[in-house]
**Q** 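Could you have a look at this structure, given as structure tokens, before my questions?
Chain naming here is simple, since letters A, B, ... match the order of the sequence lines and numbering starts at 1 in each. In what follows, every heavy atom counts, from backbone to side chain, and hydrogens, waters and symmetry copies are set aside.
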There are 2 protein chains.
Amino acid sequence: MGKPRFQRRKEDRPAEITAAALDAFAEKGFDATRVEEVAQRAGVSKGLLYLYFKTKEDLFKAVIRSFVSPRIDALIENIETTDQSAEAFLRGPFLQFARQVPKSPVRVLVRLMVAEGPKHPDLVAWYWDNVVSRAMHALRTLMRRAVDAGEFRESAVNEFPQLLVTPVLFSTLWTQVFKRQSDLDTDRFIEAHLDLLLEAIGRSET
Amino acid sequence: MGKPRFQRRKEDRPAEITAAALDAFAEKGFDATRVEEVAQRAGVSKGLLYLYFKTKEDLFKAVIRSFVSPRIDALIENIETTDQSAEAFLRGPFLQFARQVPKSPVRVLVRLMVAEGPKHPDLVAWYWDNVVSRAMHALRTLMRRAVDAGEFRESAVNEFPQLLVTPVLFSTLWTQVFKRQSDLDTDRFIEAHLDLLLEAIGRSET
DNA sequence: ATATTTACTGACTCACCAGTCAGTAAGGTC
DNA sequence: GACCTTACTGACTGGTGAGTCAGTAAATAT
């Protein structure tokens with residue numbers, strides 16, 4: 001018993017609109033993007049957009065939520081259930097995840113969070129609860145296990161799991177800001193960082 | 001023969017205004033800051049501000065230029081003329097510089113560059129020429145010397161001197177975005193990163 | 001004193017755009 | 001077919017703020 005076609009639109013609209021908004025924000029940023037343009041890209045009138053989203057800010061939040069959540073959820077789930085060694089996990093699924101961030105459309109959202117964050121404290125709070133603190137917790141657990149198992153030695157990475165993520169943020173922003181001046185080989189950059197870290201905290205020689 | 005008092009104002013005005021603008025941008029960001037408010041903070045009328053700066057965007061550029069240049073110039077000069085070993089330099093003057101970035105008023109400018117950069121390509125170009133590419137060149141030279149002298153082994157840091165700077169950007173942004181959620185001990189964070197890097201690329205054991 | 005130049009003011013304009021709402025038409029129901 | 005409901009439209013408004021400019025007052029020149 002599928003929904004009648006008429007109502008199907010209603011269900012799809014929000015996703016269609018947030019997708020259009022992501023594109024628009026990617027090109028112009030939040031402030032410079034006209035609501036009307038988002039509507040146009042979604043093939044919809046401005047009025048309809050306001051039926052689904054109360055304000056422009058509301059739309060912005062919905063964009064972040066709908067694109068960031070699914071990705072991060074998958075990674076965290078992955079960390080928590082893996083039975084690989086920490087090094088294998090970091091060099092495998094984690095590296096793969098880290099590498100695609102600077103290339104995927106969400107890279108724009110990272111920049112927008114930095115740019116607009118201070119103006120939207122409740123969005124930052126949500127992002128913290130749903131993304132950052134969970135990711136940090138998962139990474140800390142992973143590191144803890146590895147240290148306890150004698151795989152890694154005790155190091156600052158246990159206290160600051162952010163050290164694993166640092167080059168991801170860096171290259172995500174670099175490629176957006178200095179696109180014209182210099183392109184960074186983000187794959188190798190991120191892997192190089194991981195190599196150096198593992199070199200420093202691993203137990204084995206060379 | 002000093003300038004008459006009357007003309008002194010004229011010389012000081014731009015600096016007074018850019019200082020006021022830095023404060024205002026720090027609190028509200030670029031778009032949300034009203035030109036009139038900058039004028040007010042500088043104790044000046046809006047009209048006068050437009051005598052010294054053609055547009056709001058022009059003012060923004062002047063702010064970046066006047067606050068970023070002097071700092072980076074000093075660091076680069078320092079790298080080029082030092083006779084310390086690379087490790088001593090990195091643990092000394094470089095670390096000191098890196099640590100104060102997330103605490104100084106310029107941290108706001110870093111965020112604004114990320115936020116507004118894509119909208120101001122000519123500003124990015126200037127920033128690249130005057131700051132980033134020069135800093136990278138200086139760091140690369142430093143690393144090259146150290147490798148040639150047998151102090152460090154050949155590593156990805158030679159190709160990607162950005163790896164040295166990564167946690168500076170990270171903590172500069174982190175403290176601004178997640179101020180309320182979690183405070184990061186940026187001093188220890190940045191030093192921890194440096195320790196790990198040096199551990200990985202140093203020649204000596206332990 | 002008078003004239004001239006220079007730093008400065010602030011009321012005004014004009015374009016812009018987030019958000020509204022009266023109206024339309026397509027879809028469903030009886 | 002008549003009637004109701006629901007998704008949708010787009011012209012309009014009200015607030016806003018960047019940038020202007022005619023005018024003032026203080027400093028300097030003659």
**Q** Would the A:Phe94 and A:Phe89 ring centres measure less than 6.0 Å apart?
**A**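 No, the ring of A:Phe94 stays outside the 6.0 Å limit from the ring of A:Phe89, centre to centre.
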
**Q** Compare the minimum distances between each of D:dG19, C:dA18, D:dA7 and the side chain of A:Val35, then state the nucleotide with the smallest one.
**A** C:dA18

**Q** May I ask you to evaluate whether A:Arg34 reaches the phosphate of C:dA18, defined as a side-chain N or O under 4.0 Å from OP1 or OP2?
**A** yes

**Q** Can you confirm if the aromatic rings of A:Phe60 and A:Phe53 lie within a centre distance of less than 6.0 Å?
**A** no

**Q** Could you tell me the separation between the CD atom of A:Glu37 and the P atom of C:dC16, rounded to a whole number of Å?
**A**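 Distance, rounded to whole Å: 15 Å.
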
**Q** Tell me whether the centres of the aromatic rings in A:His120 and A:Tyr127 are closer together than 6.0 Å.
**A**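 No: the rings miss the under 6.0 Å criterion.
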
**Q** I'd like to know if A:Lys56 reaches the base of C:dG19 with its side chain such that a donor and an acceptor end up less than 3.5 angstrom apart.
**A** no

**Q** Is B:Lys54 touching bases, backbone alone, or none of the nucleic acid, heavy atoms closer than 4.0 Å?
**A** nothing

**Q** Regarding B:Glu27 and B:Arg41, does a basic nitrogen lie under 4.0 Å from an acidic carboxylate oxygen?
**A** yes

**Q** Using atom CG of A:Leu51 as one end and atom P of C:dA18 as the other, report the distance to the nearest whole Å.
**A** 17 Å

**Q** What's the CZ-P distance between B:Arg13 and D:dA26, to the nearest Å?
**A** 14 Å

**Q** Measure the distance from OH on B:Tyr52 to C1' on C:dT9 and round it to the nearest whole Å.
**A**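 In whole Å, C:dT9 C1' and B:Tyr52 OH are 13 Å from each other.
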
**Q** Under 4.0 Å between a Lys/Arg side-chain N and an Asp/Glu carboxylate O for A:Arg91 and A:Glu191?
**A** no

**Q** Could you tell me how far apart A:Phe53 (CZ) and C:dA18 (P) are, to the nearest whole angstrom?
**A** 15 Å

**Q** Rounded to the nearest Å, what distance is computed from the CG atom of residue A:Leu48 to the P atom of nucleotide C:dT20?
**A** 14 Å

**Q** Relative to the 5' end of DNA chain C, which residue comes earlier, A:Thr55 or B:Ser45, by the nucleotide with the nearest heavy atom?
**A**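 Closest to the 5' end, via its nearest nucleotide, is B:Ser45.
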
**Q** Rounding to an integer number of Å, can you tell me how far B:Leu49 CG sits from C:dG10 P?
**A**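 It works out to 14 Å between those atoms.
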
**Q** For A:Asp12 and D:dC8, what is the distance between atoms CG and P respectively, to the nearest whole Å?
**A** 10 Å

**Q** Any side-chain N or O of A:Tyr50 less than 4.0 Å from the OP1 or OP2 oxygen of D:dC8?
**A** no

